[in-house]
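Below is one structure, written out as structure tokens, with a few remarks after it.
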Amino acid sequence: MRILVTGAAGFIGSHVADLLVAHGHEVVAVDALLPEAHGPAAPPWTHRHRPVVGDVRDPDLLAGLLRGVDAVCHQAAMVGHGLDPSDAPRYASHNDLGTATLLAAMHDAGVRRLVLASSMVVYGEGRYHCPEHAVVRPAGRHPADLAAGRYEPGCPRCGVPLVPGLVPEEAPLEPRSTYAATKLAQEHLAGAWARQTGGEVWALRYHNVYGPRMPRETPYAGVASIFRSALAAGRPPRVLEDGRQRRDFVAVADVARANLLALTTPAPEPIVAVNVCSGEPHTVGELARELAAATGGPEPVVVGGGRAADVRHVVADPARAARLLGFTARTTFAEGVAEFAAAPLRDPATVRTPSTVGG
């Protein structure tokens, strides 16, 4: 197949492009090289794909790139929590206007297959059980709770601490950040496009992806990259809350393979969302400790507090991806962290973390 990969110079997109070529597909690569994730130029490992530097909000550019394309793998996005609400217009423009422009161009070009990079952030908090009231949506965590060290969400009906469980794809969707809201909007836009055109969409809800080529020195990166950046600078990783937040850390090689499967597997409905996860949850504190040990760096520092958009536990149910895509992660946490600890990161982003500005 001839496949347009947007965000092809990015962390995940570059791995997807490599894997597609390794399996005999032809890649058309495009990336806007957003300063939140990139240095001044595309990293060297993307040169083999000859990426076009361009913006998916440009319909004329897309018209040319989509000629002869069989499917689109849409990885381009502005990612992460961001710094504050002043980021919101850029998130909405890059993620939602960009997706809408891409979908319109696909319609004009007659391209009917899309793999969309979505995210676990569309869920908000994970799934929880109350001993008395079964599955419930947790009561919200307030800044006063975080400041007082009350991190576990309680039952909205009786107030007792809840037990986290696995989040299935049919769980209620409750985005807690601007980024999360834009990812959910991408899913809705893609679903509407598929129903209107007879197209098909796999929405891959990535959990905490980590691995080689992550951007460093940027507040828009995931927690694994932030920890690695600190250790590379000789600083201890700073762990928010008590470090016991549970996540599903999934290696980027497995995420690339999920994209390959989605591009080559017919979707049973116009849009199908699946968790892309390891099925092996670990705590944020555990990730920090394992990375520090693997790099020989300083021990993590648990600093308490928390960010308003953060959630306590998100642990994925991998069953649907296994059933519909035949996808099961192959990289264990120990293997993935050991590789990541020694792996190259991309050059510092043009937009740098507050702690490195002037330092």
Side-chain angles (χ1 to χ4, degrees), residues 80-82 119-121 123-129 138-154 160-167 176-177 179-180 206-211 214 216-251 277-316 331-341 345 353-355:
H81 280 307
S119 172
M120 64 168 216
V121 296
Y123 297 119
E125 280 286 358
R127 192 176 210 190
Y128 292 86
H129 295 77
R141 300 191 304 166
H142 301 287
D145 296 324
L146 299 176
R150 294 188 295 269
Y151 301 122
E152 296 295 343
V160 304
L162 297 171
V163 178
L166 300 181
V167 184
R176 299 288 184 92
S177 68
Y179 170 63
Y206 302 157
H207 285 253
N208 285 75
V209 188
Y210 70 99
M214 290 191 87
R216 60 187 173 99
E217 308 294 3
T218 167
Y220 298 88
V223 66
S225 176
I226 292 171
F227 289 165
R228 258 297 306 270
S229 295
L231 289 163
R235 302 189 305 268
R238 292 170 55 85
V239 181
L240 297 181
E241 300 187 17
D242 58 3
R244 296 182 181 139
Q245 312 93 299
R246 297 175 74 217
R247 297 290 188 269
D248 190 309
F249 298 101
V250 57
C277 60
S278 71
E280 186 185 349
H282 293 271
T283 68
V284 172
E286 186 179 355
L287 174 68
R289 290 191 299 273
E290 291 292 324
L291 277 174
T295 60
E299 284 289 313
V301 176
V302 177
V303 299
R307 298 179 296 187
D310 283 349
V311 298
R312 181 60 176 173
H313 304 294
V314 184
V315 178
T331 307
T332 67
F333 182 73
E335 293 168 343
V337 170
E339 179 190 21
F340 180 50
L345 300 182
T353 59
S355 64

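Excluded from the calculations below are hydrogen atoms, water molecules and symmetry mates; all remaining heavy atoms, backbone and side chain alike, are included.
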Gap separating the [atom1] atom of [X] from the [atom2] atom of [Y], nearest 0.5 angstrom:
| X | Y | atom1 | atom2 | value |
| --- | --- | --- | --- | --- |
| His207 | Glu280 | NE2 | CD | 14.5 Å |
| Arg228 | Leu287 | CZ | CG | 11.5 Å |
| Gln245 | Thr283 | CD | OG1 | 7.5 Å |
| Asp242 | Glu152 | CG | CD | 7.0 Å |

For the residue pair [X] and [Y], what are the closest heavy atoms and their distance?
| X | Y | result |
| --- | --- | --- |
| Met120 | Val314 | SD-CG1, 4.2 Å |
| Tyr210 | Gly336 | OH-CA, 3.2 Å |
| Val239 | Ala288 | CG2-CB, 3.7 Å |
| Val311 | Arg247 | O-NH2, 2.7 Å |
| Arg176 | Glu125 | NH2-CG, 3.5 Å |
| Ala230 | Pro236 | CB-O, 4.1 Å |

I want to check something: taking the side chain as every heavy atom from C-beta on, are [X] and [Y] in contact at a cut-off of under 4.5 Å?
| X | Y | value |
| --- | --- | --- |
| Tyr151 | Leu146 | yes |
| Ser278 | Thr331 | no |
| Phe340 | Leu291 | yes |

key: Candidate pair Arg244 and Arg312, rule side chain to side chain contact (heavy atoms under 4.5 Å, CB included), full reasoning   = CA-CA 8 Å; Arg244 296 182 181 139; Arg312 181 60 176 173; 3.7 Å; yes
message = Please verify the inter-ring angle class for Phe249 with Phe333; under 30° counts as parallel, over 60° as perpendicular, anything in between as tilted.
response = tilted
message = Angle between ring planes, His313 versus Tyr128, binned at 30° and 60°: parallel, tilted or perpendicular?
response = tilted
ask   = Does Val315 offer a backbone N or O that forms a donor-acceptor pair with the side chain of Asp248 under 3.5 Å?
value = no
